*Asks:* 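Just passing along the structure, written as structure tokens.
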Amino acid sequence: MIRHLLLGCALIAAPIGVAAHQLIVFASVDCETVTVEAKFSNGNAAQQGEVRVLDGKNVLLQTLALESDGTANIPLESVDHTGGLVIEVDTGSHDNYWLLTPEDIARNCQT
């Protein structure tokens, strides 16, 4: 009887793990602005969260909030990007990051 109860509970709980969504973070640069996009694996935008911008040595440069459409814009001139940037997004229950290397920034700035 107990085995059947445990098996039933396991079968009911199994879909819960499958329903979890991963946070996907993407950042691009156009030489003036770093555009950050955060969405879940189901395609829904992360509607709230914190964006942390760190330099290549993991020193925090700036913190800002995600917009309701899952984006954030960081003026490139407002951060020291010579060593690259680490863009972290934390929604409270999910987090992830994106790396922008100095080469990524230079390539998109044509410098």
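Note that the structure is predicted; figures quoted are calculated from it, not measured.
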*Asks:* For residues 51-79, pull every pair meeting ring-ring contact (aromatic ring centres under 6.0 Å, His included), keeping only residues two or more places apart or in separate chains.
*Replies:* none

*Asks:* Could you give all pairs that pass the ring-ring contact (aromatic ring centres under 6.0 Å, His included) test and reach residues 37-70, with sequence neighbours left out?
*Replies:* Phe40-His94

*Asks:* Suppose the criterion is ring-ring contact (aromatic ring centres under 6.0 Å, His included): which pairs have a residue in residues 42-77, not counting sequence neighbours?
*Replies:* none

*Asks:* I'd like to check Leu54 versus Val59 (side-chain heavy atoms, cut-off strictly below 4.5 Å). Are they in contact?
*Replies:* no

*Asks:* Ignoring hydrogens, what is the shortest heavy-atom contact between Gly84 and Pro102? Give both atom names and the distance.
*Replies:* N-CG, 3.6 Å

*Asks:* Checking Asn44 now: which residues fulfil side-chain contact (heavy atoms from CB on, under 4.5 Å) with it, not counting sequence neighbours?
*Replies:* Asn42

*Asks:* Supply the atom-to-atom distance Cys31 SG to Arg107 CZ, rounded to the nearest 0.5 angstrom.
*Replies:* 13.0 Å

*Asks:* Please tell me whether Val86 and Val36 are part of a single hydrophobic cluster in this structure, the criterion being side-chain heavy atoms less than 4.5 Å apart.
*Replies:* no

*Asks:* Per the side chain to side chain contact (heavy atoms under 4.5 Å, CB included) rule, which among Val89, Asp95, Asp90 passes with Val25?
*Replies:* Val89

*Asks:* My understanding is that only residues two or more places apart in sequence, or in another chain, count here; which of them pass side-chain hydrogen bond (donor to acceptor under 3.5 Å, both in side chains) with Asn96?
*Replies:* none

*Asks:* What donor-acceptor contacts under 3.5 angstrom involve side-chain atoms of residues 61-68, with partners at least two apart or in another chain?
*Replies:*
none

*Asks:* Under the rule for side-chain hydrogen bond (donor to acceptor under 3.5 Å, both in side chains), what residues qualify as partners of Ser78, not counting sequence neighbours?
*Replies:* none

*Asks:* Examine Val51 and Ile24 and state if one hydrophobic cluster contains both, with Ile, Leu, Val, Met, Phe, Trp and Tyr joined whenever side-chain heavy atoms are less than 4.5 Å apart.
*Replies:* no

*Asks:* Restricting to side-chain hydrogen bond (donor to acceptor under 3.5 Å, both in side chains), what partner residues turn up for Glu103, sequence neighbours left out?
*Replies:* Thr101

*Asks:* Mind checking what makes side-chain hydrogen bond (donor to acceptor under 3.5 Å, both in side chains) contact with Asp69, not counting sequence neighbours?
*Replies:* Thr71

*Asks:* Could I get the full list of ring pair (Phe, Tyr, Trp, His ring centres under 6.0 Å) partners for Phe26, not counting sequence neighbours?
*Replies:* Trp98

*Asks:* Report the residues that fulfil salt bridge (charged side-chain N to carboxylate O under 4.0 Å, His left out) with Glu88, sequence neighbours left out, ordered by chain and then residue number.
*Replies:* Arg52

*Asks:* Just wondering, do Val34 and Val79 contact through their side chains at under 4.5 Å, heavy atoms?
*Replies:* no

*Asks:* To the nearest 0.5 Å, what is the distance between OG (Ser28) and CG (Leu100)?
*Replies:* 8.0 Å

*Asks:* At what distance, to the nearest 0.5 angstrom, does OG1 of Thr33 lie from CD1 of Ile74?
*Replies:* 9.5 Å

*Asks:* Sequence neighbours left out, what pairs pass salt bridge (charged side-chain N to carboxylate O under 4.0 Å, His left out) with at least one residue falling in residues 25-40?
*Replies:* none

